[in-house]
Every structure is written in structure tokens, then in C-alpha cells.
Peer 1: 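Below: one structure in C-alpha cells.
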Amino acid sequence: MDHYFLFLTMATATVMSPGPGVTLTVTNSLRYGVYESMGGIVGIALGALIIAVISATGLGLILAASSWAFTIIKYVGAAYLIFLGVRMWRSPPLSKQDAAITEPNIKRRFIEGLSIQFSNPKVIFFFISIFPQFINRTEAYFMQFSILTLTYFFLVIVIHMLYAAMAGQARNWLASKKGGLVLNRVGGGVFILFGLVLAATEE
């Protein structure tokens, strides 16, 4: 397994970036509280794990047999990171939704979190285009796959818990134009940088 620290950093940036999952976690925390948002967080993490299993396992067989496919996927992944960074940089600030508070239901939050991941292009593209770059094709695939996917799973849990806690403590700042702009600029810049680094990395 190559460049685990780089994978950890890029996965952290991916999980932290604003998107459907982050929006759901923040909204749940604002509406129902940090404890209630845990159902959605676990659903989001499990959804990412399922996508990893579906996407990365079959792709690993292709990559093991074709360096050409590996190179194409590397550049697709780099292009996607740059695209995501530019889109995030230019996107409007994340705003707090004003929906009415409903009865708490952790099971319902879990289902929402699980289902939202299957329509989240950020996660799908990460495991199809970026994840394979960190698999060493000369070493045992299953062990590397397990370590990397479980790393991503626990990053989702930890980072989304932090988002939920911050939403409870900094409601006004998260909903402000300034706070949203800072989040988008930092996240967008990180993705553009990693896209350039990935494109320049030798196989």
C-alpha cells in the first residue's frame, strides 16, 4: 500500500468538503441536536463503505491487469479533484435551512444518511477514480482494500460528529456568508492542489 498518509489527507479533505452528507449532518444537528444526528452519520458512513465495496473490488481486477487503465483512471481522478475544487470555490455559502422541527427519529435519520450516499457523486467518484491510486498492485489487494476503506469509514464518523458538534455550538457562524465562504475557499483550494499532485504522481 503506497502513500497511506497522502490517502489519509485526501480522504479527510473529501469527507470534510461540503456536500449532501455534510448538509444532512449539519441540518440534523441544527434541527434535532447532536445525539439525534448520529443516526444519519452512521448511515452516511455505512453508505460510503457499501459504495467502496461495489466500486473498488471489481475495479481492482481491471487495474491489476492493465497499466493503461490505471493511468487513465489516475488522470480522471486528478481532473475530478480539480473540477470539484473549482466548483466548491465558486459555490455559494452553505446556509441553514429553515424547515420546521419534526419529531426525532434516529432510525429515519439513518435511512436518510444511507440513501443520500448512493446519490452522492463525490463519494462514487472518489472510490472509482482516486481510491485505486493508493493500491500497490504487487501486494495483497484485500488487506490494502480493508485498511483504506475502514480508514474512510471511521473518518466519516469522526468528521461528521465534529460537524454536528460545531453546528450546535456555532449555528450563526455556519449560516453566515463569511463562514460559508471561508469553508468553500479552503476546501476548494485543497482539492485543486491535490488534483495537481495526483496528476504529477508517477505510477
Side-chain angles (χ1 to χ4, degrees), residues 3-30 37 40-52 55-56 73-74 76-97 112-134 148-167 170 173-199 201:
H3 310 300
Y4 177 79
F5 181 75
L6 180 59
F7 171 83
L8 183 65
T9 307
M10 293 179 72
T12 299
T14 300
V15 176
M16 287 183 67
S17 66
V22 170
T23 301
L24 181 67
T25 295
V26 171
T27 301
N28 283 343
S29 181
L30 292 173
S37 68
I41 292 171
V42 174
I44 290 168
L46 182 59
L49 195 59
I50 293 172
I51 290 172
S55 302
I73 290 173
K74 180 181 79 169
V76 169
Y80 172 70
L81 282 174
I82 294 171
F83 164 76
L84 187 63
V86 171
R87 187 180 67 176
M88 188 184 308
W89 185 281
R90 300 177 60 184
S91 64
L94 180 67
S95 61
K96 182 174 62 179
Q97 299 183 11
E112 287 175 351
L114 183 64
S115 61
I116 204 171
Q117 283 293 63
F118 294 111
S119 61
N120 188 351
K122 178 179 70 174
V123 178
I124 295 170
F125 275 100
F126 179 86
F127 282 105
I128 290 178
S129 301
I130 300 170
F131 180 87
Q133 316 307 322
F134 298 95
L148 295 179
T149 52
L150 287 176
T151 296
Y152 192 94
F153 176 85
F154 286 112
L155 280 174
V156 171
I157 296 288
V158 171
I159 291 171
H160 279 255
M161 285 179 64
L162 290 174
Y163 265 117
M166 287 190 298
W173 187 85
L174 285 173
S176 71
K177 181 178 180 180
K178 181 179 179 180
L181 283 175
V182 169
L183 195 63
N184 288 347
R185 295 295 187 268
V186 172
V190 168
F191 271 107
I192 292 170
L193 175 63
F194 282 138
L196 296 173
V197 169
L198 182 59
T201 302

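The shown structure was predicted, so the numbers you read here are calculated from the model rather than taken from an experiment.
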Peer 1: What pair of heavy atoms forms the shortest contact from Gly189 to Trp89, and how long is it?
Peer 2: N-CE3, 3.9 Å
Peer 1: Would a 4.5 Å heavy-atom cut-off, applied to side chains only, mark Tyr152 and Val123 as touching?
Peer 2: yes
Peer 1: Can you see which heavy atom on Ala48 is nearest to which on Gln117, and at what distance?
Peer 2: CB-NE2, 3.6 Å
Peer 1: For the atom pair CD1 (Ile51) and CG (Leu49), what is the distance rounded to the nearest 0.5 Å?
Peer 2: 10.0 Å
Peer 1: Rounded at 0.5 Å granularity, tell me how far NE2 in His160 sits from CD1 in Ile44.
Peer 2: 5.0 Å
Peer 1: Considering all heavy atoms of both residues, which atom of Val22 and which atom of Ser17 are nearest to each other, and what is their separation?
Peer 2: CG2-O, 3.4 Å
Peer 1: With the side chain counted from C-beta on, respond yes when Leu46 and Val156 share a heavy-atom pair under 4.5 Å apart, and no when they do not.
Peer 2: no
Peer 1: State, yes or no, whether a side-chain contact exists between Phe7 and Gln133 at a heavy-atom distance under 4.5 Å.
Peer 2: no
Peer 1: Quick one: pull up OG1 in Thr12 and CD1 in Ile159 and give me the separation to the nearest 0.5 Å.
Peer 2: 4.5 Å
Peer 1: Is there side-chain contact between Ile41 and Asn28, with heavy atoms separated by less than 4.5 Å?
Peer 2: no
Peer 1: What do the steps show when you test Phe127 against Thr149 for side-chain contact (heavy atoms from CB on, under 4.5 Å), and what is the final call?
Peer 2: CA-CA 9 Å; Phe127 282 105; Thr149 52; 4.3 Å; yes
Peer 1: Could you give the distance from CG (Leu193) to CD1 (Ile82), rounded to the nearest 0.5 Å?
Peer 2: 10.0 Å
Peer 1: Search all heavy atoms of Ala164 against all heavy atoms of Ser29 and return the closest pair with its distance.
Peer 2: O-OG, 2.6 Å
Peer 1: What are the two closest non-hydrogen atoms of Ile157 and Ala45, and how far apart are they?
Peer 2: CD1-CB, 3.6 Å
Peer 1: Measure the CZ-CZ distance between Arg90 and Arg185 for me, rounded to the nearest 0.5 Å.
Peer 2: 10.5 Å
Peer 1: Which atom names give the shortest non-hydrogen contact between Phe134 and Met10, and what distance separates them?
Peer 2: CZ-SD, 3.6 Å
Peer 1: Which distance, rounded to the nearest 0.5 Å, do you find between the CD1 of Ile50 and the CG of Leu114?
Peer 2: 5.0 Å
